[in-house]
J.: 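Pasting a structure below so you can have a look.
Residue numbers begin at 1 in each chain, while the letters A, B, ... track the order of the sequences. Side-chain atoms are counted along with the backbone in the values below, which use heavy atoms only and exclude waters and symmetry mates.
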Amino acid sequence: MPNSKVNAVVIGSGAGGGVVAKELADAGLSVVLLERGPAYGAGHFSHDELHCACDMGRPRAYGPVPPEAHPRTFRTSDREPARVVYPGWDAEYAALTASVGGATIAYGGAAWRYMIQDFHMRSTYGSDNPAFAGSNVEDWPLDYEELEPYYEKAEYGLGVAGLAGADPQAAPRNKPYPLPPLPINAQGEMIAAAGKRLGWTPFPPPFAILTEPYQGRKACVQCSWCLGFVCEVGAKSGTAVTVIPRALQTGHCELRANASVTHISTDGRGRVAGVWYLDYRDPRRPAVRQDCDLLVVAAGAIETPRLLLNSRSRLFPNGLANSSDQVGRNAMTHIYAGAYGLFEREIPHEKGPGPSIAFNDWNHPRDGSIVGGGYMYNFYVTTPLYFAGNRPPGAPSWGKAHKDFQRRYFNRWIHMDSCSQDLPFGRNRIDLDPAVKDAWGVPAARITHAFSEADNRVAEAVMDREEQLLKEAGASQVWRYKNPPGGIGDHQNGACRMGNDPQSSVVNKHCQSHDVDNLFLADTSVFVTCAGLNPSLTAQALAYRTAEYIAKQWKGGAFRSGA
Amino acid sequence: MEWARRRFLQTVTALLGARGGASQTALAPGCKVFTPHQARTVEAIAAQIVPKDDAPGALEAGVLYYIDAGLAGDLRRHRRKYLDGLRLLDHTSRRRYGKNFADLPGDRQTELLRALETGGGLGAGFFELVRLHTIEGFYGHPRYGGNKNYVSWKMLGFKG
């Protein structure tokens, strides 16, 4: 039996979808928020990294599970066969979650505004810059100034902790952060002092983690289990504990969990008419139809293009919203370019989440030595298992020597991590695997991704600086992360880029499809370039802006069927 | 989700049983996958990877049970690699030293594992798998059967 038609359907309840659902419900539209996974709350918290941490070779705590039901395929180029990969078992799968709140239930919470240059990579460095050879680097169709008020909405709507004015590279802001930054730990003090001696500027990085009670939620208790975990006190400002409950309180929004959308239907005029979804828990249950006046897809930078490509029809033979053939192209990620330092003095093992000092000096550095770059910070609290997997080159990986190393250095190391830029290339893409289907019979996403030489050069330059910092802090030995040849991680973005030209982009600056006027995207898939900073706050700022645009058009009479 | 999980587990279990898993033989006490001989061999490898000294090692921490329970559940896709790998290890051990791996003196076991680790191919893949799972079982959360009584966390002074 079909459900009665609603004004708006939002697919995906993560960073962007949760925001749009709440904003549209506030504006009085009737909204159905469809989430493929179930709800996981603080009751699903455990001090168990084998269960919760990312890609431990086990099924994922917050889905998608079971792995066998959710295959994708991966390859680094179209000259090689793609191999089947599964969530949790294979890092190349690039799993987020399948859960109410999407990845924001368990993410690390970094909440950055992008820098002014991040919206203008092409004009900042020049379209003829050799670093961009072969890439599709473009400027975004909007700039930082247009997005600034929406960054503020996101920071205040969710609860972001940070210190305004502390990062000299940051773009100007109208208001301070709503909450003071996380406390600085012993690692942070060591690298802050070392960075100052090098002439760099240390500052506490912004986090969507409450440092004081905010809007009825409790503050962070500084446990050791943050990145990958649902917060045990609900202090992590994900959408499941912020905007989604508020959306439901309006009385205009219905949340339907376990609803895996498989197809978007269009009417005879090429506009979205509704969606079909199946049950995440049981593929045998019948498909359900939900009609709507307008649709917002916020399923993440892999599932969003997959859904559009799977929504082929007579009017849209290459997939929905894909007249440009750009759906799925320019898929991007970050290189987590990190360095590790061993010290001969004890560094007290302190409470979490861990990251307390960042440097942005090597993100669009003023000396022009790096094209792009990335910020760096001291990583989350080290656990025994995580440490056991990190050894300098040549160090024994088993036996008594490994155990002795574990005992000697567990409390004597610092891990610096970063998000280093990945440039957009048409060859790095999401499309449909011709053979592999999921348990619901829907063609699986095929990921084709390799890092370019330019990406690797930038990452090496960032790691040079991390090693320099660790040595200055007194490290007796340093080594660095080894980047795989390709693969899109949890910072997946791009793949449905925004732009002014319908021939070379999927959506316009309002994240509205060029081809289908009642179809919008509200996730990182619309990013044009990926910046050297975590993506979620920018996705949320865009979602606030898109929702405002939709609500305004709606009030003017747009999108209603027959209008 | 539950339906899909059950269905897949049934399929996987049926496949493994049919292809000569441990289902026809008596299992080692407390194990769901390993026979007594397989269990003894896995314990011997694990004890090489994290040996006992003044602190407990992988054997004392119950890593065998972490691996065994894993192969019956979350680590199910590696089950075949273990059963084949254990056979390969004993075969190599008998050819070189005339005894099964678990019956070799400790330094011979170290020698053989080092040869396996650096020899490439299936043997190296098997060793890396057991090495990884032993480290996981020893340093991970005790709920899966390893790191009994939090021995590794206590050894490192990690409070959790």
J.: Which distance, rounded to the nearest 0.5 Å, do you find between the CG of B/Leu75 and the CE of A/Met56?
T.: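 Between B/Leu75 CG and A/Met56 CE, I get 10.5 Å after rounding to 0.5 Å.
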J.: Among B/Ser152, B/Ala58, B/Ala55, which residue forms the greatest number of heavy-atom pairs with chain A at distances under 4.5 Å?
T.: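 Option with the top pair count is B/Ala55.
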J.: How long is the gap from CZ on A/Arg407 to CG on B/Asp53, to the nearest 0.5 Å?
T.: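 Answer rounded to 0.5 Å: 4.0 Å.
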J.: So, does A/Lys403 use its side chain to make a donor-acceptor pair with the main chain of B/Pro51 at under 3.5 Å?
T.: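 Yes; judged by distance alone, with no hydrogens or angles, the pair exists.
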J.: Of the listed residues (B/Gly160, B/Pro142, B/Gly70, B/Gly140), which shares the most heavy-atom pairs with chain A below a 4.5 Å separation?
T.: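 Heavy-atom pairs under 4.5 Å are most numerous for B/Gly160.
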J.: Using non-hydrogen atoms only, which part of B/Lys159 is less than 4.5 Å away from chain A: side chain, backbone, both, or neither?
T.: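 Neither part.
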J.: I'd like to know whether NZ of B/Lys148 has more than 12 heavy-atom contacts from other residues, nucleotides or ligands below 6.0 angstrom.
T.: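 Incorrect, the count does not exceed 12.
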J.: Please flag which part of A/Asn258 lies under 4.5 Å from any non-hydrogen atom of chain B: side chain, backbone, both or neither.
T.: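 For A/Asn258, neither part sits under 4.5 Å from chain B.
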J.: Under 6.0 Å from the ring centre and within 45 degrees of the ring axis: does the NZ or CZ of B/Arg77 meet both conditions for the six-membered ring of A/Tyr86?
T.: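 No, cation not above the ring by the 6.0 Å, 45° rule.
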J.: Return the minimal non-hydrogen interatomic distance between A/Thr382 and B/Phe158, and the atom names on each side.
T.: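 Minimum heavy-atom separation between A/Thr382 and B/Phe158: O-CE1, 3.8 Å.
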J.: For the atom pair NZ (A/Lys400) and NZ (B/Lys52), what is the distance rounded to the nearest 0.5 Å?
T.: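 Interatomic distance, A/Lys400 NZ to B/Lys52 NZ, rounded to 0.5 Å: 11.5 Å.
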J.: Answer yes or no: are there more than 12 heavy-atom neighbours, outside B/Lys99 itself, under 6.0 Å from its atom NZ?
T.: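 At most 12 heavy atoms, drawn from other residues, nucleotides or ligands, come within 6.0 Å of this atom.
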J.: To check you understand the geometry: which heavy-atom pair defines the closest contact between B/Glu136 and A/Leu385, and what is its length?
T.: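 That would be CA-CD1, 3.7 Å.
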J.: Under a 3.5 Å distance rule, please check whether B/Arg131 uses its side chain to pair with a backbone N or O of A/Ser397 as donor and acceptor.
T.: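 Yes.
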J.: For A/His47, is it the side chain, the backbone, both, or neither that has a heavy atom closer than 4.5 Å to a heavy atom of chain B?
T.: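 The answer is both parts of A/His47.
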J.: Highest number of heavy-atom pairs under 4.5 Å with chain A: which of B/Phe138, B/Trp153, B/Tyr139?
T.: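 Of the candidates given, the most pairs with chain A belong to B/Tyr139.
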J.: I need the minimum non-hydrogen distance between A/Gln406 and B/Leu156, along with the two atoms involved.
T.: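 That would be O-CD2, 3.5 Å.
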J.: Hey, could you give me the CH2/OG1 distance between A/Trp398 and B/Thr110, rounded to the nearest 0.5 Å?
T.: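 The distance works out to 6.0 Å.
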J.: Does any heavy atom of chain B fall under 4.5 Å from the side chain of A/Thr383, the backbone, both, or neither of them?
T.: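 The answer is both parts of A/Thr383.
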J.: Under a 4.5 Å cut-off applied to non-hydrogen side-chain atoms, are B/His141 and A/Cys52 in contact?
T.: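 In short, these two side chains do not touch, never coming nearer than 4.5 Å.
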J.: Which heavy atom in B/Ile135 sits nearest to a heavy atom in A/Ala388, and how many Å separate them?
T.: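 The pair with the smallest heavy-atom distance is CG2-CB, 3.5 Å.
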J.: Side chain, backbone, both or neither: which part of A/Trp89 has a heavy atom under 4.5 Å from chain B?
T.: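 Interface part for A/Trp89: both.
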